[in-house]
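What follows is one structure encoded as structure tokens, with my remarks underneath.
This one's a predicted model, so the numbers in the text were calculated from it and none came from an experiment.
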Amino acid sequence: MDAETIPLRLGTRRSPLAMAQSGMVAREVSRATGRPVELVEITTYGDTSREHLAQIGGTGVFVSALRDALLAGEIDFAVHSLKDLPTAAPEGLLLAAIPEREDVRDALVAREGLDLETLVEKCAGRPVRIGTGSPRRMAQLNAWARSRGQEIETVPIRGNVDTRIGYTHSGELDAVVLATAGLNRLGRSAEISQHLAPELMLPAPGQGALAIECRADAPELAAALGALDHLPTRAAVAAERALLAALEAGCSAPVAALARLEEHELRLEGVIGTTDGATLLMMSTTGPLPLDGTAEQTARALGHALAARLLDGGAAGLMGERV
């Protein structure tokens, strides 16, 4: 069997969303390399634990088993949801490509297809029960409700997309909040009641983006995977992740960030809040971004600068235990 017919082994989590995302990447990699790609399903601690993400730390729980398999040579490359990826670069591994980002927004999936405003009105006399396992979403939902003199009960939930949407269909919850990108990739966008604009709900750092990782000692594969890289997306998420890293906050902290390229400038927004929504610290910054070999470094500097301002504004006291 010659090298061109030997399948590349792509490591993926077993969840339907991870399999859908990895399948998309597999097809692109096969086109770019001319080689077949086979999916290797790997169970992570985050998939088997029944604890809420905030309890088990969040950072790396969906990633470490895939990285172990990569380093052991059991797979050739792995696909991660970028927002699950710890900000510290692992020794021996390389972030070979970040494909063009999907929709960054969060989505409300509510009973009767209601939007958030109407849902709150219809539940007059009792708090709207909204399911989410994310402290970031809890903080911003509760802040939105407080600004209107209303109350929302955020209910911690785990499970795959079907399980989460099922809480709404069963009537156990009035709504759940999920990432639009995941629903789109699963072909479930018709179930979205409302896209939550970044002005209401700023997304998680890296939300909507995928990360393709391989071993650092496989330069030919890394170069081939690099054909899937999208420089504007890589720069944007570099700024968001640099902010997260500088805050020393894990992916389970109530931190939101979104970088958007506007002509030749990168605008970065950051939000940190308490989960009850009582305090929400919001700041933004803009800087020039040449789309060349310096883009990632320039974007990181922007992220570090905004993090410093947020810390000066009292961010550390809003995050709880830092990592």
Between T285 and M283, does a side-chain contact (heavy atoms from CB on, under 4.5 Å) hold up when you go through it step by step? CA-CA 7 Å; T285 189; M283 291 186 185; over 6 Å; no
Under 3.5 Å: donor-acceptor pair, side chain of T279, backbone of T274: no
Is the closest side-chain heavy-atom distance between L178 and I165 below 4.5 Å? yes
If you define the side chain from C-beta out and look only at heavy atoms, does anything of W144 sit under 4.5 Å from V120? yes
Go through the steps for S30 and V37 under the test side-chain contact (heavy atoms from CB on, under 4.5 Å), then give the verdict. CA-CA 6 Å; S30 191; V37 177; 4.2 Å; yes
Could you walk me through whether L311 and L247 pass the side-chain contact (heavy atoms from CB on, under 4.5 Å) check? CA-CA 7 Å; L311 288 169; L247 293 175; 3.7 Å; yes
Rounded to the nearest 0.5 Å, what separation is found between the CG atom of D174 and the CZ atom of R126? 4.0 Å
Non-hydrogen side-chain atoms of T275 and P135 separated by less than 4.5 Å: yes
Same cluster or not: are L196 and L119 linked, directly or through other Ile, Leu, Val, Met, Phe, Trp or Tyr residues, by side-chain heavy atoms under 4.5 angstrom apart? yes
Under 3.5 Å: donor-acceptor pair, side chain of R188, backbone of D162: no
Rounded at 0.5 Å granularity, tell me how far CD in E41 sits from CD1 in I75. 12.5 Å
From E240 atom CD to L302 atom CG, the distance as rounded to the nearest 0.5 Å: 11.0 Å
Check: N142 side chain, A278 main-chain N or O, donor-acceptor pair, under 3.5 Å: no
Side chain to side chain contact (heavy atoms under 4.5 Å, CB included) with D106: of H195, R136, Q194, only one passes, and it is R136
Do L225 and C214 have side-chain heavy atoms sitting under 4.5 Å apart? yes
Please answer whether the main-chain N or O of D84 pairs with a side-chain N or O of S81 as donor and acceptor at a distance below 3.5 Å. no
When you compare the side chain of P198 with that of R105, does any pair of heavy atoms fall below 4.5 Å? yes
Is a side-chain donor or acceptor of R215 paired with a backbone partner of L70 at a separation under 3.5 angstrom? yes
Which of L258, L310, L202 passes side chain to side chain contact (heavy atoms under 4.5 Å, CB included) with V271? Answer is L202
Any salt bridge between R35 and D76, counting N to O under 4.0 Å? no
Answer yes when R129 and E172 have at least one side-chain N-carboxylate O distance shorter than 4.0 Å, and no when they do not. no
Approximate separation, where rounding is to 0.5 Å, of Q140 CD and T154 OG1: 12.5 Å
Examine distances only and state if a side-chain atom of Q150 and a backbone atom of A145 form a donor-acceptor pair shorter than 3.5 Å. no
Are the side chains of V155 and Y167 in touch, meaning some heavy atoms are under 4.5 Å apart? no
Any donor-acceptor pair under 3.5 Å linking the side-chain atoms of T87 with those of R241? no
Test of understanding: clusters of I, L, V, M, F, W, Y form through side-chain heavy atoms closer than 4.5 Å, transitively. Do I42 and M24 belong to the same one? no
Between the side chain of S22 and the main-chain N/O of M19, is any donor-acceptor distance below 3.5 Å? no
Given 3.5 Å as the limit, does a donor-acceptor pair link the side chain of R111 with the main chain of S170, or not? no
Test your reading of the model: is there a side-chain donor-acceptor pair from D103 to the backbone of A181, 3.5 Å cut-off? no
Qualifying residue for side chain to side chain contact (heavy atoms under 4.5 Å, CB included) with L85, from L95, L210, V237: L95
M201 and R137, any side-chain heavy atoms less than 4.5 Å apart: yes
Given side chains that start at C-beta, do those of E191 and H169 come closer than 4.5 Å, heavy atoms only? yes
Backbone N or O of N160 within a donor-acceptor pair of the S15 side chain at under 3.5 Å? no
Could you tell me which residues satisfy salt bridge (Lys or Arg N to Asp or Glu O under 4.0 Å) with R67, sequence neighbours excluded, listed by chain and number? E213
Out of curiosity, I212 CD1 to H80 NE2, how far, rounded to the nearest 0.5 Å? 10.0 Å
Cluster overlap V25 with L186, hydrophobic side-chain contacts below 4.5 Å: no
Taken to the nearest 0.5 Å, the spacing of T132 OG1 from R158 CZ works out to 12.0 Å
Does E121, at its CD atom, have more than 12 non-hydrogen atoms belonging to other residues, nucleotides or ligands within less than 6.0 Å? yes
Evaluation steps, side-chain contact (heavy atoms from CB on, under 4.5 Å), between V40 and E74: CA-CA 9 Å; V40 179; E74 295 164 8; over 6 Å; no
